[in-house]
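Here the structure comes first, spelled out in structure tokens, and everything after it is commentary.
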Amino acid sequence: MSSYKIALLDGDGIGPEIMAEAIKILELVSSRNNIDFELIHGSFGASAYFEHGHPFPDVTKQLCDEADAILKGPIGLSHEESKKIPVDMQPERGALLPLRRRYNTFANIRPVYLPKSLAHFSPLKPEIIGDGIDFIIIRELVGGLYFGKKETGINDKGRRYVTESLEYDEDQIAAIAKVAFETAQKRKKVLHNIHKSNVLKSSVLWNEVMGEVGQDYPDVEIKHILVDAAATYLCLNPGQFDVMVMENMFGDILSDQGGGILGSLGLMPSACLGPDKAYYEPSHGSAPDIAGQSIANPYSMIGSVAMMLEMSFNMEQESRNVWHAMQSVFAQGNSTSDLSKPGSGVNMISTDAFGDLVVEELSKTPIA
Ligand code: IPM
Ligand code: MG
């Protein structure tokens, strides 16, 4: 019997609620595939800071080091609550970025997917959606502005100033380019490279290296699009995209727009892949305003489990089964509160009910 150790970092806000639903799926997958998942919770985020004095405590680091994969819930507090934590200990800077750096999870894979049967969740018109929305954003995750040098001070005019630098070297760009070309090769063989080379020197080097790496993938067509134009096309004609690759901050912003065109960030799971370790997380925040009410959408968390099954444990078919089970639950007329307005004719269900229905649906699906 194969056995995997999974570190579960519940996180803050709605994190523990949506993690509970992900665990239901992991337990079902384990029993029906005869695989042992050892699930161990680790403290991470603002809750970890209040409990252990650090948002990414050593005991959690050790747990993650030993785990075969990490499933992470959203972290963060409301703007007001965040002020109770020193700036460098706030969970984004004190836990999330260090997690990414620790395992060099440079490749962030964010599928933006909505089958035609769920088109009613999208704010886009049916004629724009066509047969559904289906593309992948590949975001470089450990470089750029988020990890570059930062400086604050008083300038020679006596004014406060700040500088942050957008840094990449060619090896970092080549690494994410390879992931992008390989992903495109397995799909429609078209790669959209998102950049801002009319202004940023970083994009000039980025595009150069993309072109060089592309020579090893002659069957993939590369198309270069400016990031601002890409934002417009995502609304007007998302069907032209299949695989998109971009630097860290562009990817942070455009992947949230991806969630927007689906209808909710609650539909955005993600995988963060490094050379030796991967972790999986919803692309959204911890939504402290709705925490504890059992109205959060656990799709992105369960979708992150599906990505883990495929990418860390090579369980492609079971991964597809999990995606399919979630989509069937929605296609049967159910909705979570992020996706529909009350009175819109859907059957509004709780976080917990969604997880139970996915379990029911998955139990009915043959494994292979
Ligand atoms: C994301 C999030 C994070 C990021 C935040 C929480 C630091 O927005 O994963 O997209 O900006 O990367
Ligand atoms: Mg983001």
Side-chain angles (χ1 to χ4, degrees), residues 9-15 18-19 44-49 55-56 64 70-79 81-83 85-112 135-148 150 164 166-168 172 176 194 227 230-231 234 244-262 264-274 277-291 296-297 299-301 303-304 307-308 338:
L9 312 180
D10 293 41
D12 304 317
I14 59 171
I18 58 177
M19 181 64 85
F44 190 77
S47 47
Y49 173 78
F56 190 10
C64 293
I70 301 164
L71 184 64
K72 181 200 142 285
I75 45 122
L77 298 177
S78 66
H79 190 67
E81 288 291 303
S82 282
K83 291 183 189 155
I85 305 183
V87 172
D88 288 330
M89 287 281 154
Q90 288 170 1
E92 295 82 357
R93 261 182 296 263
L96 183 55
L97 298 188
L99 174 72
R100 291 175 180 171
R101 193 197 296 268
R102 187 174 187 85
Y103 301 117
N104 188 21
T105 55
F106 68 98
N108 182 207
I109 316 292
R110 297 194 158 175
V112 184
F135 60 93
I136 295 181
I137 290 184
I138 299 186
R139 165 187 178 195
E140 198 293 326
L141 199 60
V142 294
L145 274 173
Y146 293 14
F147 286 87
K150 295 167 199 298
E164 316 205 83
L166 202 169
E167 297 174 17
Y168 278 107
Q172 286 175 293
I176 194 72
I194 310 303
V227 61
L234 278 175
M244 304 170 83
V245 63
M246 61 204 81
E247 68 88 36
N248 201 343
M249 187 167 74
F250 294 166
D252 188 20
I253 297 170
L254 287 193
S255 63
D256 268 29
Q257 193 180 340
I261 66 173
L262 299 184
S264 167
L265 278 176
L267 299 178
M268 289 286 296
S270 82
C272 309
L273 311 175
K277 182 90 73 182
Y279 86 90
Y280 300 84
E281 64 177 354
S283 305
H284 56 72
S286 59
D289 51 322
I290 60 160
N297 181 359
Y299 182 105
S300 57
M301 195 79 220
S304 300
M307 296 186 80
M308 175 187 286
D338 52 324

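Sequential numbering from 1 along the given sequence is applied to the chain's residues. In each ligand, atom 1 is the first atom listed, and ligand 1 is the first ligand listed.
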Is there a donor-acceptor contact under 3.5 Å from the side chain of D12 to the main chain of G76? yes

Evaluate R100 for polar contact with ligand 1, using N/O atom pairs at a separation under 3.5 Å. yes

When rounded to the nearest 0.5 Å, the distance separating CG of L9 from SG of C64 is 4.5 Å

Can you list the ligand 1 atoms lying under 4.0 Å from a non-hydrogen atom of R139? 1 (C), 4 (C), 9 (O), 10 (O), 11 (O), 12 (O)

Taking 2.8 Å as the upper limit, name the protein N, O or S atoms near the Mg ion (ligand 2). D252 OD1

Examine K72 relative to Y279 and say whether NZ or CZ is less than 6.0 Å from the centre of the six-membered ring and inside a 45° cone about the ring axis. no

D338 backbone acceptor or donor facing S264 side chain under 3.5 Å: no

Gap separating the CZ atom of R139 from the CZ atom of R110, nearest 0.5 angstrom: 5.0 Å

By salt bridge (Lys or Arg N to Asp or Glu O under 4.0 Å), which residues pair with R102, not counting sequence neighbours? D65

Mark up the atoms of ligand 1 that fall under 4.0 Å of a heavy atom belonging to Y146, in ascending order. 11 (O)

Contact between S286 and I75 at the side-chain level, heavy atoms closer than 4.5 Å - yes or no? no

Where is the nearest protein heavy atom to atom 5 (C) of ligand 1: which residue, which atom, and how far? L96 CD2, 4.0 Å

Answer with side chain, backbone, both or neither: which part of K72 has a heavy atom less than 4.0 angstrom from an atom of ligand 1? neither

Measure the distance from atom 1 (C) of ligand 1 to every protein heavy atom, then report the residue, atom name and distance (to 0.1 Å) of the closest one. R110 NH2, 3.4 Å

Strictly distance-based, threshold 3.5 Å: is any side-chain N or O of E167 a donor or acceptor partner for the main-chain N or O of G148? no

Ignoring hydrogens and geometry, is there a side-chain-to-backbone donor-acceptor pair from E140 to V142 under 3.5 Å? yes

Of the backbone atoms (N, CA, C, O) and the side-chain heavy atoms from C-beta on, which set of H284 has a member under 4.0 Å from an atom of ligand 1: side chain, backbone, both, or neither? neither

Any side-chain to backbone donor/acceptor pair from R93 onto V87? Under 3.5 Å, distance only. yes

re atom 11 (O) of ligand 1, the protein heavy-atom contact at minimum distance is D252 OD2, 2.9 Å

If we only count N/O pairs under 3.5 Å, is E92 in contact with ligand 1? no

